[in-house]
Every structure is written in C-alpha cells, then in structure tokens.
Amino acid sequence: MPEGHTLHRLAAQLEENFIGRPWRVSSPQGRFEAGAKRLTDRVPERAQAWGKQLFVHLGPDIWQVHLGLYGAFSFRGDSSFTAPATLGAPRVAAEEFTPSYAEDDWIIPQPATGAVRARIHVHNGWADLRGPARCAVLNPMQYEAIIARLGPDPLQQPVGETDTRLLEQFRSNLARRRISIGAALMDQAVIAGVGNIYRAESLFEEGVSPDTPANELRGAAVTALWERLTEQLRTGFAEGIIRTLRPEAPELGARGGDLRLRRHWVYQHQGTPCLRCGATIAERELQGRRLYWCPGCQPLPAATARS
DNA sequence: CATCGATGTTTAA
DNA sequence: TAAACCTCGATGC
C-alpha cells in the first residue's frame, strides 16, 4: 500500500538488508540497464524516504524509486536475510525455496519472473522491483530539485515528538493555497506522504469537510489535522497496513466484534451508514481520484457553505 | 481471453 | 481536464 508509511518501511528494510554491503544491481526486464550498470558492485550508504519518494545514496549518485500506484519490492533470501515477502502494492506471497550458493558464497537468486525493473542482490538475499513509476539514477542537482518540491513529511518527526518547524511549514503551505483541504492533502508540495486513504480517513477523524478552503482552516484545526496524520502514518509504519478503524473504538460499542476486518471509516464505504452518525457515506471524483467523506460528521463550515 | 481498476504522478491540451 | 505510464489480480464472458 504505497502511501508514505510504506516508503519509510522500505527505507528501513533496505537499511537492514543492503546498506553498507557490496551489492549487485541488474535489470532483468532491461529498462534500467544503464542505471543498474552504474550502481552495481558498489556499497550503498544510506536509504532515505521522504513522502512517497525513496532514495538510496551512493556517494554523489542517488538511486530514486517512486512506486506509483502499483510498484512493489519483493524480497527473498536465506534465514539470515529477514524481510517481508513484499513491500508496496499487493503481490502474491512467494513460495518456499531452498537456498544454494555460488563459489563466492553469494546466494544464487532464482530466475526473475515477470517484469523486474531492478534486482538488487547481496550475499544472503535479493530484492526485485516491479512496476515503479520512477526508477532512475540522479545527480546531486537533480536530487535537490526533487527535494525542493516536497512539503514536510510527518514521518520525519522523531516518534513521540512534534517538530513545530514542520507543522508551521504545513500551516503556511495551506495558507498560501486557494484550493480545498481535500485537494491540498494530495499535493506533495503541501504535505508529503499522504495518499487517497489517509486523506479520506484523516479528514473524517477530524470532522473536517474536504471542501473547506485550505486557507480558511482555523489554526487549531490545522494543528489537529497534522497531529492526526502523524498518528495515522506512524501506526501504518508500525503495522505495515493502513488501519484507521479499530474494533475497540468507543463509537462502535458492541458492533466492534463484527467489524474486525474493516480497516477504514469512510474509504471505499460509500453508500453505507457512517459508523459514527448513521448518515450515508458519500463519494465523488476530485481531480481524477475518488474522494470519500461523511456528510454528517464532516459538514461544510456555515461561513463557507454554499446555498 | 478481454477488460477493469488500484494506495500515484507527470505531461499535454 | 484528460491522457499516458507502470503491472497484475480480480472479474466477467
């Protein structure tokens, strides 16, 4: 589920399995051959996530990966290579296999199946990247240009802390935009890492209408929205899935048990009663993406309501 | 076997 | 605002 939390998990996973070790990079599919050739047989120094962007630093070269809608990494290795089967868009779980080793003691990877853009390989395992929207080698200037276009990422804050500098950047980014908060949360220059699910679920939990003009949100509401997104993204990072609805939520009472498998308050629940107020959850298209909200819990503020 | 849709972004019109 | 792009599982005939 590649919203920001997935990319931070990915960066942590790459740090664990790949950083500080020589790696081999290839492009079985062929569409990243030049980049793979440049990166292979070197030692990656740092993996970094910022919003939905992933960067791996190797001296002045930076490997940039953006998963887009359906990009994913899959991991395989021996028992010393601890990694989930996949990170990113949903993929089928890998089957068991018995590791074997080459003369140099490197694990022998299985043949790539399907469209593997990039394969990264260390002595005890490997990862395959499929379907990314971007997979490129950047120079420092190109990297800086991309970073400059990204807003603050709530996951840049140390766990348990609020970085007021980042919060104030979010606040001023909203104040300068004449678009709705629903549109603003999807703009990676306003806040980095939020996607369609976190947009819907954070606005619902804060009781904010997606149609509220971004520059009319009150100060306290901006702070609360930032804190809410921080909490939701941190939970997603810790658990590896986006779950904003919990069976033990007080609003659910005895219904919680029946709702164990439901993860979201409003995302993809249009046409059904809101679990908080009973109003029918609404859905429409906004800037080419589906927008979900509860008209009962998220009314337009009276001052800006249209007649 | 064909079509659709998805957690996203960029480019063109 | 629309189309293009990247991939694959689910759905439908």
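Chain letters run A, B, ... following the sequence lines, proteins first and then strands; every chain starts at 1.
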Between [options], which one does the side chain of [X] approach most closely?
X: A/Arg134; options: B/dG8, B/dT7, B/dT10; result: B/dT10
X: A/Arg31; options: B/dA6, C/dT7, B/dT9; result: C/dT7
X: A/Ile197; options: B/dT7, C/dT7, B/dT9; result: B/dT7
X: A/His66; options: B/dG8, B/dT10, B/dT7; result: B/dG8

Is [X] close enough and on-axis enough to [Y], meaning under 6.0 Å and within 45°, for cation-pi?
X: A/Arg38; Y: A/Trp63; value: no
X: A/Arg24; Y: A/Trp126; value: no
X: A/Arg276; Y: A/Trp265; value: yes

Separation of [N] [atom2] from [X] [atom1] (nearest whole Å):
X: A/Leu69; N: C/dG9; atom1: CG; atom2: P; answer: 16 Å
X: A/Glu285; N: B/dG8; atom1: CD; atom2: C1'; answer: 14 Å
X: A/Ile191; N: B/dG8; atom1: CD1; atom2: P; answer: 14 Å
X: A/Leu185; N: B/dG8; atom1: CG; atom2: C1'; answer: 15 Å
X: A/Leu67; N: B/dT9; atom1: CG; atom2: P; answer: 11 Å
X: A/Leu286; N: B/dT9; atom1: CG; atom2: P; answer: 14 Å
X: A/Leu129; N: C/dT7; atom1: CG; atom2: C1'; answer: 11 Å
X: A/Arg289; N: C/dA2; atom1: CZ; atom2: C1'; answer: 15 Å

Could you go step by step and tell me if A/Asp187 and A/Arg149 meet the salt bridge (charged side-chain N to carboxylate O under 4.0 Å, His left out) rule?
CA-CA 10 Å; A/Asp187 182 343; A/Arg149 278 188 268 115; over 6 Å; no

Does [X] reach a base, just sugar-phosphate, or nothing at all? Heavy atoms under 4.0 Å.
X: A/Arg290; result: nothing
X: A/Arg149; result: sugar-phosphate
X: A/Gln29; result: sugar-phosphate
X: A/Tyr267; result: sugar-phosphate
X: A/Gly195; result: sugar-phosphate
X: A/Gln287; result: nothing

With a 4.0 Å cut-off on N to O distance, would you call A/Asp211 and A/Arg284 a salt bridge?
yes

Under a 4.0 Å N-O cut-off, is there an ion pair linking A/Asp41 with A/Arg21?
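Judged by the 4.0 Å cut-off on N to carboxylate O distance, A/Asp41 and A/Arg21 do not form a salt bridge.
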
Distance below 4.0 Å between A/Lys52 side-chain N/O and B/dT9 OP1 or OP2
yes

Think A/Arg130 has a side-chain N or O under 4.0 angstrom from the OP1 or OP2 of C/dC8?
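Yes, A/Arg130 has a side-chain N/O under 4.0 Å of OP1/OP2 on C/dC8.
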
Polar side chain donor-acceptor pair, A/Gln142 to A/Gln64, under 3.5 angstrom
no

Could you state the interatomic distance from OH (A/Tyr292) to CD (A/Gln270), rounded to the nearest 0.5 Å?
5.0 Å

Pairwise [atom1] distance, [M] and [N] [rounded to whole Å]:
N: B/dG5; M: C/dC13; atom1: P; answer: 13 Å
N: C/dT11; M: B/dT7; atom1: P; answer: 16 Å
N: B/dA13; M: C/dC5; atom1: P; answer: 13 Å

Applying the side chain to side chain donor-acceptor pair (under 3.5 Å) criterion to A/Asp128, which one of A/His121, A/Arg119, A/Arg117 satisfies it?
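Running side chain to side chain donor-acceptor pair (under 3.5 Å) over A/His121, A/Arg119, A/Arg117 with A/Asp128 returns exactly one hit, A/Arg119.
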
Got a sec? Which of residues 110-117 of chain A come in under 4.0 Å of DNA chain C, heavy atoms?
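Contacts with DNA chain C under 4.0 Å: A/Ala115, A/Arg117.
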
Partner lookup for B/dT7, please. Criteria are Watson-Crick or G-U wobble with both distances under 3.5 angstrom; report none if nothing qualifies.
none

